[in-house]
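Every heavy atom of this structure was used, including side-chain atoms; hydrogens, water molecules and symmetry mates were not.
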Amino acid sequence: MRYSKQRDLILTALKKRRDHPTADMLYMQIHQDHPAISLATVYRNLNALADKGVIRRFLSDDAKARYDANITPHQHMQCTCCKKVFDCPPMFYSILQENILKRTGFHVLQQQIYLTGICAECSDNKNV
């Protein structure tokens, strides 16, 4: 992948976030300091980075593409109240893989599990 100042700017902005932003969310952040960047440039570069495996792209519960700079194997959870997306602790899907192997002999190579529910903060605030 050829170096691009805009791509580097987008990747740097994504790496600083832990909220699994959409392209629109990233665009709004970057556009504040770099008004010359377009939404199309953000979309194009995020998709190129995802296609090359530099970042992860996944669909959230609201059918929007979300992006994650963390490419280590992990799954995601989304709160149905506040819509925040969280990383699922890796121990949960490794337990699942072990149980599947033990019970069926099936070797899981990749998982695409997306959990929805209510986060601790919304539960505590009685937003349920």
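Shown here are the side-chain hydrogen bond (donor to acceptor under 3.5 Å, both in side chains) partners of R66, two or more places apart in sequence or in another chain: there are none.
With hydrogens and angles disregarded, no donor-acceptor distance shorter than 3.5 Å links the side chain of Q75 to the backbone of C88. Checked by atom type and distance alone, the side chain of Q78 pairs as donor or acceptor with a backbone atom of K83 at under 3.5 Å. Formation of a donor-acceptor pair under 3.5 Å by the R7 side chain with backbone atoms of L49 is not found in this model. In this structure a side-chain-to-backbone donor-acceptor pair under 3.5 Å is missing from T12 to L9. Checking side-chain atoms of H74 against main-chain N and O of D87 turns up no donor-acceptor pair under 3.5 Å. With T22 contributing its side chain and A65 its backbone, the two residues share no donor-acceptor pair below 3.5 Å.
When hydrophobic clusters are built by joining Ile, Leu, Val, Met, Phe, Trp and Tyr residues whose side-chain heavy atoms come closer than 4.5 Å, directly or via intermediates, L59 is not grouped with I71. M25 and L14 end up in different hydrophobic clusters when Ile, Leu, Val, Met, Phe, Trp and Tyr side chains are linked at under 4.5 Å. Residues F106 and I113 are members of one and the same hydrophobic cluster, defined by side-chain heavy-atom contacts under 4.5 angstrom among Ile, Leu, Val, Met, Phe, Trp and Tyr. Follow the hydrophobic side-chain contacts under 4.5 Å out from I100 and you never reach F92; the two are in separate clusters.
Here the SG-CG distance, from C79 to L115, works out to 12.5 Å after rounding to the nearest 0.5 Å. For the atom pair CD (Q32) and NE2 (H34), the distance works out to 10.5 Å, reported to the nearest 0.5 Å. One finds the CD1 atom of I10 at 5.0 Å from the CD1 atom of I30 (value rounded to the nearest 0.5 Å). Taken from CD1 in I37 to OH in Y27, the straight-line distance is 8.5 Å, to the nearest 0.5 Å. Considering CG of L46 and OH of Y67, their distance stands at 5.0 Å, rounded to 0.5 Å. For the atom pair I55 CD1 and N70 CG, the distance stands at 12.0 Å (nearest 0.5 Å).
Residues Y43 and D24 form a side-chain contact, since some pair of their non-hydrogen atoms from C-beta on lies under 4.5 Å apart. Taking the side chain as every heavy atom from C-beta outward, L26 and R17 approach each other to under 4.5 Å. With a 4.5 Å cut-off on side-chain heavy atoms, T80 and I118 count as touching.
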**Q.** Worked verdict on H20 versus F58 for side-chain contact (heavy atoms from CB on, under 4.5 Å)
**A.** CA-CA 9 Å; H20 308 86; F58 62 93; 3.9 Å; yes
(Q) Set out, in order, the CA-CA distance, both residues' side-chain angles and the distance that settles side-chain contact (heavy atoms from CB on, under 4.5 Å) for L101 and V108, then state yes or no. (A) CA-CA 8 Å; L101 178 61; V108 176; over 6 Å; no
Q.
Go through it in stages, so that I can follow the logic: the residues are R56 and H76, the test is side-chain contact (heavy atoms from CB on, under 4.5 Å), and I'd like the CA-CA distance, side-chain angles, deciding distance and then a yes or no.
A. CA-CA 11 Å; R56 290 179 69 181; H76 297 98; 4.1 Å; yes
**Q.** Worked check of side-chain contact (heavy atoms from CB on, under 4.5 Å) between V85 and Y114
**A.** CA-CA 10 Å; V85 178; Y114 194 84; 3.7 Å; yes
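In the model, N47 has a side-chain atom that pairs as donor or acceptor with a side-chain atom of R57 under 3.5 Å.
Heavy-atom neighbours of K15 NZ from other residues, nucleotides or ligands within 6.0 Å: at or below the threshold of 12.
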